[in-house]
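Here is the structure we will look at, set down as structure tokens.
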Amino acid sequence: DQQVKQNSPSLSVQEGRISILNCDYTNSMFDYFLWYKKYPAEGPTFLISISSIKDKNEDGRFTVFLNKSAKHLSLHIVPSQPGDSAVYFCAATEAGGTSYGKLTFGQGTILTVHP
Amino acid sequence: EAGVTQFPSHSVIEKGQTVTLRCDPISGHDNLYWYRRVMGKEIKFLLHFVKESKQDESGMPNNRFLAERTGGTYSTLKVQPAELEDSGVYFCASSQVNTDTQYFGPGTRLTVL
């Protein structure tokens with residue numbers, strides 16, 4: 001039962017353009033969402049997060065959008081840089097719930113940014 | 001500030017053997033989590049410690065896996081006896097109390113032959 005889904009296994013974009021990574025979830029109890037970036041042979045690195053009380057959160061080139069009614073979130077990277085090439089994981093959790101802190105991950109999307 | 005560290009980085013063992021993985025969380029982080037990624041699939045939760053207590057171990061696959069966090073500092077994850085399907089990358093993460101952002105270690109790649 002895949003509660004968090006990233007339906008695009010890979011995405012290829014040109015340097016300077018926008019990268020949009022998508023994530024869908026099914027569990028309506030999820031109320032906090034995170035994006036992690038992972039390089040080969042390294043652990044996931046926290047990128048940006050959003051609480052369900054917001055619909056947008058920005059941090060530099062990274063913006064996360066949340067559509068609660070559609071149970072959908074997206075990560076926008078503008079402008080994309082070759083160093084952004086990595087696997088991006090979407091994760092969700094029930095903040096403060098009985099499973100506080102347990103992250104449920106999507107399968108990941110491989111982003112390749114071409115110079 | 002040092003990040004989450006894990007040891008060893010790689011381990012290759014034969015089926016039936018025992019392996020112990022270690023995780024040192026970020027200093028001061030009461031929450032410690034173990035996750036596993038098998039064959040390039042999604043990262044799956046194994047268990048969660050708050051200090052030395054197991055808060056949630058619902059993701060532990062079976063009783064061949066034993067996790068401990070004596071003293072509430074570092075944690076160990078022992079697999080005994082190891083099976084082929086235990087192969088994967090085991091990640092440890094930590095977070096401060098009452099926060100949701102978890103910081104991950106580099107992982108231990110376990111190969112069971």
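So that the names make sense, note that chain A is the first sequence line, chain B the second, and so on, each numbered from 1.
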Return the CD to OG distance between Glu15(A) and Ser19(A), rounded to the nearest 0.5 Å.
11.0 Å
Examine whether an atom of Arg37(B) lies under 4.5 Å from a heavy atom of chain A, and if so say whether it belongs to the side chain, the backbone or both; otherwise answer neither.
side chain
Face-on cation placement of Arg22(B) at Tyr74(B) ring, 6.0 Å and 45° thresholds
yes
Taking side-chain contact (heavy atoms from CB on, under 4.5 Å) as the criterion, tell me which of Val79(B), Val112(B), Asp86(B) meets it with Val19(B).
Val79(B)
For a quick check under 3.5 Å, do Tyr103(B) and Ser95(B) share a side-chain donor-acceptor pair by atom type?
no
Pick from Ser58(B), Gly105(B), Gly59(B): which one has the most heavy-atom pairs with chain A under 4.5 Å?
Gly105(B)
Tell me, yes or no, whether the heavy-atom count around Lys54(B) atom NZ, taken from other residues, nucleotides or ligands under 6.0 Å, exceeds 12.
yes
So that I know where these two stand, are Phe104(B) and Tyr36(A) an aromatic pair - ring centroids less than 6.0 Å apart?
yes
Residue by residue, scan residues 39-46 of chain A and write down, ordered by number, those that have a heavy-atom distance under 4.5 Å to chain B; if none do, write 'none'.
Ala41(A), Glu42(A), Gly43(A), Pro44(A), Phe46(A)
Honestly, the part of Gln2(A) sitting under 4.5 Å from a heavy atom of chain B is side chain
Taking the six-membered ring where the residue is Trp, are the ring centres of Tyr35(B) and Phe105(A) under 6.0 Å apart?
yes
